[in-house]
Amino acid sequence: ETGVTQTPRHLVMGMTNKKSLKCEQHLGHNAMYWYKQSAKKPLELMFVYSLEERVENNSVPSRFSPECPNSSHLFLHLHTLQPEDSALYLCASSQDQRGGSNEQFFGPGTRLTVL
Amino acid sequence: AQKVTQAQTEISVVEKEDVTLDCVYETRDTTYYLFWYKQPPSGELVFLIRRNSFDEQNEISGRYSWNFQKSTSSFNFTITASQVVDSAVYFCALGGVLFKTIFGAGTRLFVKA
């Protein structure tokens, strides 16, 4: 595997389900990100991890819970989601310990539909 | 506050036409970085270019060129002789040493054969 991978690519879940999104980067980067992309909305930064520590949480509802067990893996745990949470969830990584000075490399995203 | 504006929501061109995607940014920082990303229908954003605020030299890469002008706070992207494969959403982004990358709303480009 190369670059940034995400699984699953598509996910349909009910509002009472619990599921997890997985991201893995094979680039040796030290920062990882979760973004939400909704129709006709800019990319919304959700969480940032640098050296496995969460450095940013952009007022994301608690029904989204990130986990970064090591610098190569990032998870987004989902529970009791709402239909408005349906979106494309993108993971990215960069060689970046602070700020936004370096380019990010993105995975293909998980298309989430909440029924 | 930092902001990125891509005023063009959608652009439609015919193959082989040249097209310019506009990007205007706002920041009070003296050190910052500008990026362009391409998002094809597959969904994955692809990094195209990074420029820092101290380097206003324009850049050309094949059919792609970028015009960075600090005087107008713009970082425009031109595709020469567009091709159908250029159809995608293009995002301009602004990053800094002390703030995370901020993305514009994106410009959807349709290139018709």
Side-chain angles (χ1 to χ4, degrees), chain A residues 1-11 21 23-25 27 29 31-50 54-60 87-112, chain B residues 1-10 23-55 59 61 64 66 75 77 88-108:
Chain A
E1 295 276 18
T2 59
V4 181
T5 58
Q6 289 186 244
T7 54
R9 293 294 308 277
H10 300 272
L11 178 63
L21 309 184
C23 174
E24 184 173 359
Q25 60 99 357
L27 300 168
H29 289 161
M32 296 187 77
Y33 310 76
W34 279 117
Y35 287 89
K36 176 184 179 183
Q37 187 177 31
S38 307
K40 299 182 180 180
K41 277 190 176 182
L43 280 167
E44 300 174 65
L45 179 63
M46 301 176 71
F47 302 103
V48 182
Y49 277 82
S50 179
R54 192 190 308 180
V55 296
E56 190 144 338
N57 176 347
N58 276 356
S59 302
V60 179
L88 180 68
Y89 288 84
L90 291 161
C91 174
S93 71
S94 73
Q95 192 60 31
D96 182 15
Q97 293 191 23
R98 63 172 184 164
S101 57
N102 288 332
E103 59 271 25
Q104 296 175 34
F105 292 83
F106 286 79
T110 295
R111 176 69 63 185
L112 174 66
Chain B
Q2 290 78 26
K3 185 178 178 182
V4 176
T5 302
Q6 294 180 257
Q8 303 151 308
T9 305
E10 290 186 358
C23 174
V24 174
Y25 63 91
E26 295 177 30
T27 180
R28 292 183 179 176
D29 288 28
T30 55
T31 301
Y32 54 89
Y33 302 84
L34 295 163
F35 308 84
W36 276 96
Y37 290 84
K38 173 183 180 180
Q39 186 178 36
S42 60
E44 180 175 342
L45 271 81
V46 177
F47 164 73
L48 296 178
I49 190 171
R50 167 183 180 263
R51 304 295 287 177
N52 71 58
S53 53
F54 298 107
D55 184 2
E59 184 157 338
S61 176
Y64 294 171
W66 291 269
F75 186 43
F77 173 28
V89 181
Y90 291 86
F91 292 92
C92 179
L94 170 68
V97 176
L98 296 177
F99 62 91
K100 297 299 179 187
T101 305
I102 297 165
F103 286 81
T107 296
R108 184 176 297 276

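Just the heavy atoms: all of them, side chains too, but no hydrogens, waters or symmetry mates, feed the values below. The structure displayed is predicted, hence computed values, not measured ones.
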| Does anything in residues 38-46 of chain B get under 4.5 Å of chain A by heavy atoms, and if so which residues? | Gln39(B), Ser42(B), Gly43(B), Glu44(B), Leu45(B)
| How close do Pro42(A) and Gly104(B) get, heavy atom to heavy atom, and via which atoms? |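 Closest heavy-atom pair between Pro42(A) and Gly104(B): CB-O, 4.2 Å.
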| field | Distance-minimising heavy-atom pair for Gln37(A) and Phe91(B) | value |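 Heavy atoms only, the tightest pair is NE2-CZ, 3.4 Å.
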| Per-residue contact mode, Val48(A) against chain B (heavy atom under 4.5 angstrom) |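 When you check distances to chain B, only side chain atoms of Val48(A) fall under 4.5 Å.
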| message | For Arg111(A), which atoms come within 4.5 Å of any heavy atom of chain B: side chain, backbone, both, or neither? | response |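 Looking at Arg111(A), nothing touches chain B.
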| query | Distance from Ser94(A) atom OG to Lys100(B) atom NZ, nearest 0.5 Å? | reply |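 The distance works out to 7.0 Å.
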| Test side-chain hydrogen bond (donor to acceptor under 3.5 Å, both in side chains) applied to Tyr33(B) - qualifying residues, sequence neighbours left out | none
| message | Suppose we screen for side-chain hydrogen bond (donor to acceptor under 3.5 Å, both in side chains). Which residues come up paired with Gln6(A), at least two apart in sequence or across chains? | response |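 With neighbours one apart ignored, the set is empty.
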| Residue pair Asn102(A) / Arg50(B), side-chain heavy-atom distance below 4.5 Å | yes
| Non-hydrogen atoms of chain A under 4.5 Å away: do they reach the side chain of Tyr37(B), the backbone, both or neither? | side chain
| note | With sequence neighbours left out, the residues meeting ring pair (Phe, Tyr, Trp, His ring centres under 6.0 Å) with Tyr89(A) are Phe64(A)
| message | Please tell me whether Phe106(A) and Phe47(B) form a close aromatic pair, meaning their ring centres lie under 6.0 Å apart. | response |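 Ring centres of Phe47(B) and Phe106(A) not closer than 6.0 Å.
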